[in-house]
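Inspection log for the structure reproduced underneath, given as structure tokens.
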Amino acid sequence: MHSSSTLLKDLLANPRFVAWARGEQPEDNRHWNNWAADDQEKQEIIAIAKELLDSFQIPDQHITDEHISSKISQALNTAKCIENERESRKLILFKSFRSVEWNVAASLVILLGLALALFGVYKKGYFRTDQKADLAKADDNNAFTEISNQGQQVKYVRLSDGSAIVLHKNSSVRFPKHFAKTGREVFLTGEAFFEVTKNPEQPFFVYANELVAKVHGTSFSVKAGENDTQIIVAVKTGKVSVYTQQDAKAIQYKADKNLTALVLTPNQQATFMRNEAKLTRLALKSPVLLHIPIEDQIFTYAETPVAMVFEALEKAYGVKINFNKEIMGQCSITATLGDEPLENKLRWICTILEAEYAIKDDQITIKGSSCK
């Protein structure tokens with residue numbers, strides 16, 4: 001009983017677990033599922049912890065001592081009910097202790113300890129109810145999409161705002177089908193390159209394990225394997241602000257679209273040492289981090305045949321571009337496409353060629369006239 005209750009209190013005092021249990025960090029699903037895998041006791045402790053968090057859920061993060069006292073009193077009354085009704089029913093909150101013959105004193109001590117641990121977490125500010133509440137709600141409504149790349153070297157992922165993600169092999173990304181007006185949020189496990197559609201009024205956030213990258217419109221790489229000891233962000237173009245989810249100003253960074261943390265500019269890299277919780281910045285000769293084609297391509301063309309342009313885009317984004325080579329074979333492009341997402345590049349190319357395009361998954365079809 002002692003070891004189980006201690007484990008439960010440790011979980012309730014762990015801000016990462018609390019955020020995950022409340023649906024605020026779905027990117028941690030694999031971490032906690034692996035933690036409890038093949039261990040029935042841990043699985044039951046997680047279930048109990050979730051029930052406790054639900055039962056003490058409070059909409060206002062500014063908790064008073066009086067409110068804590070009131071909640072503890074409610075907990076004690078619940079403990080008394082456990083003793084009075086233990087012969088007729090078993091409370092799910094304590095199913096891991098079914099084999100123990102409870103008495104009133106033991107019930108009071110354990111539940112009081114859990115209540116104190118829980119509200120100690122509240123007082124430390126770990127329960128940030130507004131941090132990702134909109135995401136949790138969207139998740140309940142099945143409004144999220146998760147895409148994994150298990151077989152390809154790179155995989156193209158298009159977001160609803162037109163932003164592009166080039167997902168590296170053995171990586172996955174999770175995002176809402178439609179972004180909230182206040183911000184665009186994406187959850188990454190593994191490695192990916194991002195080209196973000198510019199929108200100063202709607203910041204773009206990438207959650208990669210403990211690290212958050214905040215951008216308005218730029219291109220950058222993120223390396224954040226679940227078991228990696230480091231999380232790395234390398235900027236190709238634009239500006240990226242990085243901070244940890246446990247940063248004291250994390251809520252402010254999200255709420256204030258103009259507020260920045262550790263700022264990275266082109267050819268700069270941020271490294272977060274997970275074991276030491278240490279975040280550092282470093283200048284680079286090149287922004288290449290994942291060693292994929294898109295990281296060092298500049299997409300500048302001068303009278304370049306369209307076949308070569310399309311081939312470069314195919315390699316960079318992991319897509320297939322279909323076009324009529326007999327009709328468009330004589331066409332060429334002179335343009336600097338820069339760090340714009342793939343769809344913007346296609347739009348500009350088609351404007352130049354007086355053509356049109358259609359995208360379906362990783363297949364792109366371009367129809368145009370002859371350039372003879």
Side-chain angles (χ1 to χ4, degrees), residues 26-27 30 135 138 143-180 183-199 202-209 211-226 228 231-242 264 269-270 287-297 299 312-321 337-347 357 359-364:
E27 68 275 18
R30 185 180 301 174
L135 291 182
F144 272 66
T145 297
E146 182 168 1
I147 296 178
S148 298
N149 179 15
Q150 300 300 328
Q152 303 170 231
Q153 183 62 26
V154 295
K155 182 179 179 65
Y156 171 63
V157 179
R158 181 193 180 277
L159 304 180
S160 61
D161 67 334
S163 294
I165 302 175
V166 179
L167 195 60
H168 203 278
K169 190 175 181 179
N170 299 323
S171 302
S172 63
V173 65
R174 191 169 184 270
F175 52 90
K177 294 180 180 178
H178 301 285
F179 290 119
R184 299 166 285 173
E185 297 182 302
V186 172
F187 301 89
L188 171 69
T189 299
E191 305 173 2
F193 180 86
F194 292 81
E195 286 179 332
V196 178
T197 299
K198 295 176 176 61
N199 186 348
Q202 192 182 30
F204 191 99
F205 299 87
V206 177
Y207 294 86
N209 297 328
L211 200 66
V212 183
K214 175 183 178 181
V215 303
H216 292 285
T218 184
S219 61
F220 59 100
S221 301
V222 180
K223 187 174 183 179
E226 184 177 14
D228 290 349
I231 305 171
I232 305 174
V233 177
V235 176
K236 180 180 179 182
T237 63
K239 183 173 68 174
V240 177
S241 175
V242 297
L264 305 176
Q269 171 181 299
V288 173
L289 174 64
L290 310 179
H291 301 285
I292 54 178
I294 196 169
E295 289 185 304
D296 55 11
Q297 287 191 28
F299 300 105
L313 294 177
E314 286 179 330
K315 291 181 179 179
Y317 292 94
V319 296
K320 176 62 177 176
I321 299 179
L337 304 180
D339 67 337
E340 290 292 332
L342 174 59
E343 193 161 356
N344 284 354
K345 290 183 173 73
L346 293 173
R347 188 177 296 114
Y357 71 92
I359 301 177
K360 184 176 182 181
D361 299 324
D362 58 356
Q363 297 288 321
I364 299 171

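Counting only heavy atoms from C-beta outward, the side chains of I292 and Y317 never approach each other to under 4.5 Å. At a threshold of 4.5 Å between non-hydrogen side-chain atoms, the residues E295 and L290 count as touching. Between F194 and S219 the shortest side-chain heavy-atom distance does not fall below 4.5 Å. Residues K320 and I364 fail the side-chain proximity criterion, which asks for heavy atoms closer than 4.5 Å. Looking at heavy atoms from C-beta onward, Q363 lies out of side-chain contact with V319 at the 4.5 angstrom threshold. For the pair V212 and V206, the minimum side-chain heavy-atom distance is 4.5 Å or more.
With sequence neighbours excluded, the residues satisfying side chain to side chain contact (heavy atoms under 4.5 Å, CB included) with E146 are S172, R174. Applying the salt bridge (Lys or Arg N to Asp or Glu O under 4.0 Å) rule to K315 yields the partners E311; only residues at least two apart in sequence or on another chain are considered. When the side chain to side chain donor-acceptor pair (under 3.5 Å) test is applied to Q152, no partner is found at least two apart in sequence or on another chain. A search for side chain to side chain contact (heavy atoms under 4.5 Å, CB included) contacts involving V233 returns L211, F220, V222, V240, V242, L264, not counting sequence neighbours. Evaluation of the side chain to side chain donor-acceptor pair (under 3.5 Å) rule for S171 yields no partner, not counting sequence neighbours. Listed by chain and number, the residues in a side chain to side chain contact (heavy atoms under 4.5 Å, CB included) with D161 are L159, S163, F179, R184, T197, F204 (sequence neighbours excluded). Applying the side chain to side chain donor-acceptor pair (under 3.5 Å) criterion to T189, with sequence neighbours excluded, gives no partner residue. Qualifying side chain to side chain contact (heavy atoms under 4.5 Å, CB included) partners for E340, counting only residues two or more places apart in sequence or in other chains: K198, N344, W348. For K345, the salt bridge (Lys or Arg N to Asp or Glu O under 4.0 Å) partners at least two apart in sequence or on another chain are E195. Judged as a side chain to side chain donor-acceptor pair (under 3.5 Å), and not counting sequence neighbours, the contacts of E343 are R158, Y357.
Side-chain N or O atoms of K155 include none that pairs as donor or acceptor with a backbone N or O of I147 at under 3.5 Å. With N209 contributing its side chain and G225 its backbone, the two residues share a donor-acceptor pair below 3.5 Å.
Using a 30° and 60° split on the angle between ring planes, F187 and Y207 fall in the parallel class, below 30°.
Heavy atoms only, all atoms of each residue included: P341 and A164 are closest at CB-N, 3.9 Å. Contact detail for F144 and K177: the closest heavy-atom pair is O-CE, 4.2 Å. Listed here is the closest heavy atom pair of P293 and A316: CB-CA, 4.3 Å. Residue L188 comes nearest to A192 through the heavy atom pair CD1-CB, 3.9 Å, listed as atom of the first residue, atom of the second, then distance.
The 12-atom threshold is not exceeded at CZ of R30, counting heavy atoms of other residues, nucleotides or ligands nearer than 6.0 Å.
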task: Evaluate the criterion side chain to side chain contact (heavy atoms under 4.5 Å, CB included) for residue pair H168 and N149; output intermediate values, then yes/no.
output: CA-CA 7 Å; H168 203 278; N149 179 15; 5.6 Å; no
task: Please step through side chain to side chain contact (heavy atoms under 4.5 Å, CB included) for the pair V186 and I165, ending with a clear verdict.
output: CA-CA 10 Å; V186 172; I165 302 175; 4.2 Å; yes
- prompt: When you look at V235 and Q269, which way does the side chain to side chain contact (heavy atoms under 4.5 Å, CB included) test go after all the steps?
  reply: CA-CA 6 Å; V235 176; Q269 171 181 299; over 6 Å; no
- request: Dump the intermediate steps for side chain to side chain contact (heavy atoms under 4.5 Å, CB included) on F299 and L313, then the final yes or no.
  value: CA-CA 9 Å; F299 300 105; L313 294 177; 3.8 Å; yes
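Distance check, rounded to the nearest 0.5 Å: CD of E191 to NE2 of H291 gives 9.5 Å. To the nearest 0.5 angstrom, K236 atom NZ is 13.0 Å from L289 atom CG. Atoms OG and CG, on S148 and L167 in that order, are 7.5 Å from each other to the nearest 0.5 Å. Summarising the geometry, atom CD belonging to E226 is positioned 11.0 Å from atom CD1 belonging to I231; distances are rounded to the nearest 0.5 Å.
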